[in-house]
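Protein chains get the first letters and strands the later ones, always in sequence-line order, with residue 1 at the start of each. From a predicted model like this one, the values you see are computed outputs, not experimental measurements.
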Number of protein chains: 2
Amino acid sequence: MTFVVPEFPPFDPDLAARLEARIAGKAKPPGSLGRIEALAVQIGLIQGTETPRVGAVETYVFAGDHGMNADGVSAYPSAVTTAMVATFLAGRASVNAFAGACEVTVRVVDAGVDADLPAHPLLIDAKVRRGTRNAAVEAALSVDELDQALTRGAEIARRSEADALVLGEMGIGNTASAALIMHRLAPAALDDCIGVGAGHDPDGLARKRAVLECAAARSAADQPLEVLREFGGLEIAMMTGACLGGAEAGKVVIVDGFISSAAALAAIRLAPGLKDRLVFAHVSAERGHRLMLQAIGADPLLDLGMRLGEGSGGVLAAPLVRAAARLMTETASLDEVLSGAIVP
Amino acid sequence: MTFVVPEFPPFDPDLAARLEARIAGKAKPPGSLGRIEALAVQIGLIQGTETPRVGAVETYVFAGDHGMNADGVSAYPSAVTTAMVATFLAGRASVNAFAGACEVTVRVVDAGVDADLPAHPLLIDAKVRRGTRNAAVEAALSVDELDQALTRGAEIARRSEADALVLGEMGIGNTASAALIMHRLAPAALDDCIGVGAGHDPDGLARKRAVLECAAARSAADQPLEVLREFGGLEIAMMTGACLGGAEAGKVVIVDGFISSAAALAAIRLAPGLKDRLVFAHVSAERGHRLMLQAIGADPLLDLGMRLGEGSGGVLAAPLVRAAARLMTETASLDEVLSGAIVP
């Protein structure tokens, strides 16, 4: 394993105090912008400045397929991953519609789609292999494959020219891997981690549960890298790398829903100091997400009953992140207003 | 009273069914975008089309002063209303910072500021009088003044060229009027309607409560127009008019926090069919707002602990409204994706 987990020292308490004072001096009743004030301070700390700026926001949709899908953990075939990648690139998926509304760019990362994808200007080819192995019967990834996934994810996030990154994903079967990651790293009882994903009838859900019990019985892994290697997936491991690399580079990293949060959970277990550098966009309707966020100690911004993935919830949080940064830099101080220094 | 309350017939059930079917056919698991799907259907019904569009969004900050402030219902003097109007016009208030992040225009409406305001390109002069009368001792408005406020508010909203309007406000003392409106029209016990507003220590809050008890004892009004006339304020009545006029003109009207919702409450009590034409942006941290929204039967989009007013919460909901409209028009159908018709 060549991937080096970055260290995240505590934030500068002097800067934190200056940011708090700056917010407290704004022309508004103290505390009256609630969560947005805390977010503004957090962004200042992430960027290491009293005058944070969030202009460009990019969503990376990490795509990968899952060997466990051969056993029916999803109601959909893996080919849907490929079809949705084409849809993202054509600008016709829900995340594209949301991104258009929120001034966010969408890029797709081929982390491990089980198809040969034609080149496209918005597609980053970071494919490690065509899909993971079936985690119900063997380790999903080799050490070297995991290493590549983490390294490439970190590199993609570090190289981004955006101020904030939304980590989204597409991968039929990936709530199954995310459930296993949550089970071992939250940790939580396996059953509390299993939901309907993209949709399951009771029989489908029972099948998913049986496959996940096989996978869990096969490996006792409970350390983050081992858990990612055993249970996959490539898009999740790449998002774990992107959390770490993006935060290391001073980006505001916006975590989306259940699967994106599972990647963040693994990253936080590798580097606990990372947690306060991540923005948790929303609580998903996927069963288990609320409990996972509690295990992380994260308080998401939005609660809209969404459970699509693709980065859709993260994109909707982007305007809040931009608004928080602008509060710090554009809103006048109370002193300015009361002194009559403001000229319309 | 010359103001005519518009009638809002029920939405076309055929259009509703077509909108639901259109969402259900999108390339995503059914229901997986939660509240945004319901919002998309609502916007389609408001605009009367299967292909809704929300481009331009304008925030109107209705500003007015309150006679009750002479008795100390706020911790701040009425002069702060004027100072904040200058701040909005200079683009330096929190709502301006948020609006910049959310691609929203901010305009200010002088509904009844207790000062002569110099002309400004972003200021709409709709002043009815310089502040309301003190509702603790007499009716805040005359019938004619209320009529003017409603008529001008409706006219401003109807004439807007934006697809969606955020109704925000600024008026030192206006949580006091809003509390009385809620008390009579929710209805709810007066004490449950009273909060700290822009900020009160326990003595200040006790003073506010005593003034509101005087006002409530003075008039038994419980009909919407009488309640607005007795308790004010001009900015609230003008927002009531704007709710009605904006919705009549097919605009998506976005209601902000406690005071904006009090205006919407009065409008809904005048025209119950209005309710489903309004989008409730957020639940404010001002005490009473959650109960007021329950009385209206409204389920707000955001819960961020905000209680500033100015339209700040409404502005943050604008990207969600735009995203919902785009979901309806830009996201591919499942048929398109599965048939291979999508070309990247």
Side-chain angles (χ1 to χ4, degrees), chain A residues 26-30 32-36 54 80 83-94 96-98 100-103 118 120 122-123 197-199 285 301-308 310 312 315-316 318-320 322-323 325-327 329-332 336-338 340 342-344, chain B residues 26-36 54 80 83-94 96-98 100-103 118 120 122-123 197-199 285 301-308 312 315-316 318-320 322-323 325-327 329-332 336-338 340 342-344:
Chain A
K26 294 291 183 186
K28 58 175 197 53
S32 60
L33 288 175
R35 297 288 309 279
I36 302 296
V54 179
V80 171
M84 286 308 300
V85 165
T87 310
F88 301 135
L89 294 173
R92 298 289 312 281
S94 298
N96 303 100
F98 287 13
C102 297
E103 304 279 324
H120 188 282
L122 296 174
L123 177 67
L301 292 165
L302 302 170
D303 183 357
L304 295 166
M306 290 167 48
R307 54 179 184 80
L308 177 62
E310 302 184 0
S312 54
V315 168
L316 294 185
L320 305 185
R322 283 203 188 98
R326 282 177 178 249
L327 170 62
T329 55
E330 298 189 13
T331 301
E336 286 177 283
V337 171
L338 296 184
I342 307 282
V343 179
Chain B
K26 294 291 183 185
K28 57 175 196 55
S32 60
L33 288 174
R35 297 287 308 278
I36 301 296
V54 179
V80 171
M84 285 308 300
V85 165
T87 309
F88 300 134
L89 294 173
R92 297 291 311 283
S94 298
N96 303 100
F98 287 13
C102 298
E103 305 280 324
H120 188 282
L122 296 175
L123 178 66
L301 292 165
L302 302 170
D303 183 357
L304 294 165
M306 290 168 48
R307 55 177 182 81
L308 177 62
S312 54
V315 167
L316 293 185
L320 305 186
R322 283 203 189 98
R326 282 177 178 249
L327 170 62
T329 55
E330 298 190 13
T331 301
E336 286 176 282
V337 170
L338 296 184
I342 307 282
V343 179

Heavy-atom pairs under 4.5 Å with chain A: which of [options] has the most?
{"options": "B/Gly34, B/Ala323, B/Ser32, B/Pro118", "answer": "B/Ser32"}
{"options": "B/Leu304, B/Val337, B/Ile342", "answer": "B/Leu304"}
{"options": "B/Arg307, B/Glu336, B/Glu330", "answer": "B/Arg307"}
{"options": "B/Lys28, B/Arg92, B/Arg35", "answer": "B/Arg92"}
{"options": "B/Gly197, B/Ala86, B/Ser312", "answer": "B/Ala86"}

Can you give me the closest heavy-atom contact between [X] and [Y], atom names plus distance?
{"X": "A/Pro29", "Y": "B/Ala198", "value": "CB-O, 3.0 Å"}
{"X": "A/Thr87", "Y": "A/Asn96", "value": "O-OD1, 3.8 Å"}
{"X": "A/Phe98", "Y": "B/Leu33", "value": "CZ-CD1, 3.8 Å"}

Under 4.5 Å from any heavy atom of chain A, what part of [X] do you find: side chain, backbone, both or neither?
{"X": "B/Ser94", "answer": "both"}
{"X": "B/Leu302", "answer": "side chain"}
{"X": "B/Ala93", "answer": "backbone"}

Most chain B-contacting option - heavy-atom pairs closer than 4.5 Å, from [options]:
{"options": "A/Ala285, A/Gly91, A/Ala101", "answer": "A/Ala101"}
{"options": "A/Ala83, A/Ala27, A/Gly100", "answer": "A/Gly100"}
{"options": "A/Gly340, A/Ala325, A/Ala332, A/Gly199", "answer": "A/Ala332"}

- So, do A/Met306 and A/Leu316 sit near enough that their side-chain heavy atoms are less than 4.5 Å apart? yes

- Message: So, taking the atom named CG in A/Leu320 and the one named CG in B/Leu320, what distance separates them when rounded to the nearest 0.5 Å?
- Response: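 Between atom CG of A/Leu320 and atom CG of B/Leu320 there are 7.5 Å.
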
- Message: Between B/Arg322 and B/Cys102 (side chain of the first, backbone of the second, donor and acceptor by atom type, cut-off under 3.5 Å), is there such a pair?
- Response: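 Yes: the side chain of B/Arg322 pairs with the backbone of B/Cys102.
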
